[in-house]
Asks: 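Take this structure, written in structure tokens, and hold onto it; I'll ask about it next.
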Amino acid sequence: VKDELDIDLQKQIMAAFDSNTKLLEHLVNALFTGTLSTNYSDPSGPSDAEVEAVGSICAFLHVMFSTLPLDVTMTALAYRTDIVPALWNFIKRCHENQRWPYFSKYISPLPVDAPGWLLPVSVFCPIYKYMLKIVDNEEFYEQEKPLSLKDLKALVLILKQALWQLLWIIPSHTSPSQKALPNPLGLKKMSIDSLKSQARIGLSELLTQLQDWNSRLPFTAESDFYSQEATSENFVSQAILGNTRASEIIKLAPFLAPFTIRVKIFTSQLANSKQSTASHSALTRHRFKIRRSRLLEDAFDQLSLLSEEDLKGPIRVSFVNEHGVEEAGIDGGGIFKDFMENITRAAFDVQYGLFKETVDHVLYPNPGSGLVHEQHLQYFQFLGSLLGKAMYEGILVDLPFATFFLSKLKEKSNFLNDLPSLDPELYRHLLFLKHYKGDLSDLELYFVIVNNEYGEQNEEELLPGGREMRVTNQNVITFIHLVANHRLNYQIRGQGRHFLRGFQKLIPKEWIDMFNEHEIQLLISGSLESLDIDDLRLNTNYSGGYHPGP
């Protein structure tokens with residue numbers, strides 16, 4: 001891609017790629033064929049020809065990302081080219097030989113201290129991240145495609161070092177959380193700050209996805225995602241203080257700090273919030289009478305009227321028994337804890353109809369909740385505030401949630417690899433289509449999906465005109481993505497949105513974003529590990545004449 005290209009010619013090139021992604025596929029494969037290998041066979045550093053190929057295609061694609069429709073471009077690159085294994089092989093060889101090329105031909109201005117990995121990494125990360133959206137568990141763990149599990153461990157370590165270097169050692173003047181602005185038809189040399197910004201975002205998002213895969217079934221130690229520097233007292237105190245580089249790192253790449261460090265920051269944020277609302281809490285005392293026979297209804301009618309400030313303050317509860325008599329006792333916190341445990345047990349019970357249970361016995365919103373409760377969305381908002389209150393007060397509740405539902409607390413979408421927990425049969429069907437060797441159009445499938453709730457069936461189009469759009473070998477990846485999106489995201493969008501609205505009254509998004517879904521479950525329910533009796537016995541000091549038995 002040359003600086004002197006005429007603007008009209010630039011537009012013609014972009015229009016050609018936009019209308020025919022096969023042209024993009026052929027160009028990328030042609031540049032790599034005979035130049036770059038997808039197999040790690042040569043441990044030496046890359047040749048001049050390899051550097052030229054990588055520089056050319058990465059500079060070109062960097063521009064394409066902000067010019068063409070991203071889904072179309074990424075689908076073509078991720079599933080119809082060998083760019084991911086080829087770029088990984090290049091990155092791995094450069095890293096092992098500690099020799100990175102200087103891509104000054106493509107980046108301007110290029111400081112002397114600019115890392116050589118910046119250009120290939122900024123292109124590799126978004127493509128591989130997009131590929132992971134549709135990779136299935138068998139491909140990732142058993143077939144080890146497109147990268148082996150051994151290579152994935154090495155990849156995590158390399159990308160973690162690169163991200164830490166960008167965020168802590170050589171930060172630009174741009175805020176780490178600020179996204180790069182698009183450069184329409186900018187076929188000239190790339191801005192170093194734009195490239196750094198894209199690399200930060202790409203590295204953070206890909207490492208987050210890899211950590212999700214690792215949480216599902218480990219391929220490397222959890223500590224491989226941590227940066228040792230993020231465990232220092234100085235880093236932690238800066239992160240707690242806020243408006244510092246450390247706090248920005250926690251926002252953009254929380255996985256760089258161990259879970260215990262992030263819990264410490266979270267606890268500090270809770271304490272600061274309680275202190276800031278202390279004066280309001282001192283002036284307002286909320287006391288509610290709850291009938292045990294109508295626990296959920298009474299709580300909903302009274303607590304849902306509380307403001308955000310009121311929810312953060314003390315709430316006193318007294319129970320009324322079946323005879324209409326108020327039970328004795330002063331709520332010093334224990335009765336409220338008992339109330340929270342009882343109401344969450346009742347509200348999230350699948351018999352009540354707001355939540356359903358997967359085959360793994362974890363909870364997610366009932367897509368047909370509106371058929372059961374007229375005020376179902378208001379109830380979801382109320383339940384969100386209840387869960388937020390429990391977390392705000394440090395009350396553990398025994399509620400095992402589906403990982404794809406916990407993603408809603410982070411405002412994240414779910415993808416194909418999340419589907420087995422919800423609908424294993426549909427997942428197997430989609431994998432059959434994905435790996436089908438024949439002509440998919442012969443199966444006469446269309447871009448529609450049938451919903452079935454409480455015996456009521458209705459057909460929905462996955463795309464406008466989907467009833468007339470046949471599934472083919474060319475568009476099957478899009479079909480699979482849309483079906484998974486419909487079941488995991490679209491069907492429960494209303495319930496998830498209202499639950500989140502209630503939850504965020506007490507727990508802001510930036511707090512919960514410090515944790516992945518498995519860590520959020522720990523914050524909700526505590527550790528699932530069993531008590532080690534032998535360890536407890538060895539570390540217990542007995543007094544008062546008691547001696548352990550043989």
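Values below: every heavy atom of this structure, side chains too, minus hydrogens, waters and symmetry copies.
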Asks: Do you know the tightest heavy-atom contact between Ser273 and Tyr392?
Replies: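 Where Ser273 meets Tyr392 most closely, the heavy atoms are OG-OH, 2.8 Å.
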
Asks: Could you check whether Glu425 pairs with Arg428 (Lys NZ or Arg NE/NH1/NH2 to Asp/Glu carboxylate O, under 4.0 Å)?
Replies: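 Salt bridge absent between Glu425 and Arg428.
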
Asks: Quick one: CG on Leu207 to SG on Cys125, what's the gap to the nearest 0.5 Å?
Replies: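 The CG atom of Leu207 sits 7.0 Å away from the SG atom of Cys125.
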
Asks: I'd like to check Asn451 versus His486 (side-chain heavy atoms, cut-off strictly below 4.5 Å). Are they in contact?
Replies: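 Of all side-chain heavy-atom pairs linking His486 with Asn451, at least one is under 4.5 Å.
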
Asks: Measure the shortest side-chain to side-chain distance between Leu155 and Leu210 over non-hydrogen atoms and say whether it is less than 4.5 angstrom.
Replies: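 Yes, their side chains come closer than 4.5 Å.
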
Asks: Would you say Trp164 and Ile249 make side-chain contact, with heavy atoms under 4.5 Å?
Replies: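 Heavy-atom side-chain distance check passes, below 4.5 Å.
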
Asks: To the nearest 0.5 angstrom, please state how far the CG atom of Leu387 sits from the CD1 atom of Ile395.
Replies: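 Answer rounded to 0.5 Å: 11.0 Å.
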
Asks: Mind checking side chain to side chain contact (heavy atoms under 4.5 Å, CB included) for Lys356 and listing every partner two or more places apart, or none if nothing turns up?
Replies: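 Tyr364, Asn366, Pro367, Glu453.
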
Asks: Under a 3.5 Å distance rule, please check whether Glu517 uses its side chain to pair with a backbone N or O of Leu406 as donor and acceptor.
Replies: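 The answer is no, because no donor-acceptor pair under 3.5 Å joins these two groups.
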
Asks: In terms of side-chain geometry, is the basic nitrogen of Asp418 or Lys412 positioned less than 4.0 Å from the acidic oxygen of its partner?
Replies: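 No, no charged N to carboxylate O under 4.0 Å.
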
Asks: Can any side-chain N or O of Lys505 pair as donor or acceptor with the backbone N or O of Lys389 at less than 3.5 Å?
Replies: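 No, Lys505 side chain to Lys389 backbone: no donor-acceptor pair under 3.5 Å.
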
Asks: Is the backbone of Tyr352 close enough, under 3.5 Å, to the side chain of His373 for a donor and an acceptor to pair up by distance?
Replies: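 Judged by distance alone, yes, a pair lies under 3.5 Å.
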
Asks: Would you check, one step at a time, whether the test ring pair (Phe, Tyr, Trp, His ring centres under 6.0 Å) holds for Phe219 with Phe140?
Replies: CA-CA 10 Å; Phe219 57 83; Phe140 189 92; 5.8 Å; yes

Asks: Are the side chain of Asp360 and the backbone of Val362 linked by a donor-acceptor contact shorter than 3.5 Å?
Replies: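 Flag not set: sc Asp360 to bb Val362 has no pair under 3.5 Å.
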
Asks: NZ/Lys153 to CG/Asn214 distance, rounded to the nearest 0.5 angstrom?
Replies: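 Between atom NZ of Lys153 and atom CG of Asn214 there are 9.0 Å.
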
Asks: How many angstroms lie between atom OG1 of Thr403 and atom CD1 of Ile520, to the nearest 0.5 angstrom?
Replies: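 Those atoms lie 10.0 Å apart.
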
Asks: Between Asn475 and Thr478, does any side-chain donor sit less than 3.5 Å from a side-chain acceptor?
Replies: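 Their side chains do not contain a donor-acceptor pair, so the 3.5 Å distance test is not met.
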
Asks: Does some side-chain heavy atom of Leu443 sit less than 4.5 Å from a side-chain heavy atom of Val471?
Replies: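 No, every pair of side-chain atoms sits at 4.5 Å or beyond.
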
Asks: With a 3.5 Å distance limit and no angle check, can you tell me whether Arg467 reaches the backbone of Tyr446 through a side-chain donor-acceptor pair?
Replies: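 No; zero donor-acceptor contacts below 3.5 Å.
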
Asks: Are Glu139 and Lys434 ion-paired here, with the side-chain N under 4.0 Å from a carboxylate O?
Replies: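 Between Lys434 and Glu139 there is a salt bridge, with a charged N closer than 4.0 Å to a carboxylate O.
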
Asks: How far does CZ of Phe415 sit from CG of Asn489, to the nearest 0.5 angstrom?
Replies: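 Here the interatomic distance stands at 7.5 Å.
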
Asks: Please check: side-chain N/O of Arg487 versus main-chain N/O of Asp423, any donor-acceptor pairing under 3.5 Å?
Replies: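 No.
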
Asks: Please check this pair: side chain of Glu138 against backbone of Glu142, looking for a donor-acceptor N/O pair closer than 3.5 Å.
Replies: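 No.
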
Asks: Can you confirm whether Phe404 sits close enough to Ser421 that some side-chain heavy atom of one is under 4.5 Å from a side-chain heavy atom of the other?
Replies: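 They are in contact (side-chain heavy atoms under 4.5 Å apart), so the answer is yes.
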
Asks: Can a donor-acceptor pair be found between the side chains of His481 and Asp71 at a distance below 3.5 Å?
Replies: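 No, Asp71 and His481 have no side-chain donor paired with an acceptor closer than 3.5 Å.
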
Asks: Identify whether NZ of Lys or CZ of Arg in Lys410 sits under 6.0 Å from the centre of the six-membered ring of Phe515 and within 45° of that ring's axis.
Replies: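 Because its charged atom misses either the 6.0 Å distance or the 45° angle limit, Lys410 does not stack over Phe515.
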
Asks: So, do Phe339 and Phe288 have ring centers that fall under 6.0 Å from each other?
Replies: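 They do not qualify: ring centres at least 6.0 Å apart.
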
Asks: Quick one: are Leu419 and Leu488 in side-chain contact, heavy atoms under 4.5 Å?
Replies: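 Leu419 vs Leu488: side chains touch.
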
Asks: Do Trp88 and Tyr128 have ring centroids that are under 6.0 Å from one another?
Replies: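 No, they do not, as the ring centres are separated by 6.0 Å or more.
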
Asks: Decide yes or no for Phe255 and Lys160: does some side-chain heavy atom of the first lie under 4.5 Å from some side-chain heavy atom of the second?
Replies: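 No, their side chains stay 4.5 Å or more apart.
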
Asks: Short question: side chain of Gln521, backbone of Ala402 - any donor-acceptor pair under 3.5 Å?
Replies: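 Not confirmed, Gln521 side chain does not pair with Ala402 backbone.
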
Asks: Are side-chain N/O atoms of Glu519 and Gln211 paired as donor and acceptor at under 3.5 Å?
Replies: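 Side-chain D/A pair, Glu519 to Gln211: absent.
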
Asks: If I take atom CG from residue Leu416 and atom CG from residue Leu430, how far apart are they, to the nearest 0.5 angstrom?
Replies: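 Here the interatomic distance stands at 6.5 Å.
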
Asks: Mark yes or no for whether Arg493, through its side chain, and Tyr490, through its backbone, hold a donor-acceptor pair below 3.5 Å.
Replies: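 Checking the backbone N and O of Tyr490 against the side chain of Arg493, a donor-acceptor pair under 3.5 Å is found.
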
Asks: Considering only NZ, NE, NH1 and NH2 on the basic side and carboxylate oxygens on the acidic side, decide whether Glu341 and Lys337 come within less than 4.0 Å.
Replies: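 Salt bridge flag = yes for Lys337 with Glu341.
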
Asks: Any heavy-atom pair between the side chains of Pro85 and Asn89 that's under 4.5 Å?
Replies: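 The answer is no, as the side chains (C-beta and beyond) never meet within the 4.5 Å cut-off.
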
Asks: Whether the Ser227 and Glu229 side chains hold a donor-acceptor pair (N or O, under 3.5 Å, no angle test) is what I'd like checked.
Replies: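 Yes, Glu229 and Ser227 have a side-chain donor paired with an acceptor closer than 3.5 Å.
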
Asks: Dump the intermediate steps for ring pair (Phe, Tyr, Trp, His ring centres under 6.0 Å) on Phe503 and Phe380, then the final yes or no.
Replies: CA-CA 10 Å; Phe503 183 78; Phe380 273 106; over 10 Å; no

Asks: Just one of Phe405, Phe382, Phe401 clears the ring pair (Phe, Tyr, Trp, His ring centres under 6.0 Å) bar with Phe348, so which one?
Replies: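 For Phe348, the ring pair (Phe, Tyr, Trp, His ring centres under 6.0 Å) check succeeds only for Phe401.
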
Asks: Do Asn473 side-chain atoms and Lys437 backbone N/O form a donor-acceptor pair below 3.5 Å?
Replies: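 Flag not set: sc Asn473 to bb Lys437 has no pair under 3.5 Å.
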
Asks: With a cut-off of 3.5 Å and sequence neighbours excluded, list every side-chain donor-acceptor pair involving residues 295-306.
Replies:
residue : atom : partner : partner atom : Å
Asp298  : OD1  : Arg291  : NH2          : 2.8
Asp298  : OD2  : Arg291  : N            : 3.0
Asp298  : OD2  : Arg291  : NE           : 2.9
Gln302  : NE2  : Lys289  : O            : 3.0
Gln302  : NE2  : Asp298  : O            : 3.4
Ser304  : OG   : Phe300  : O            : 2.3

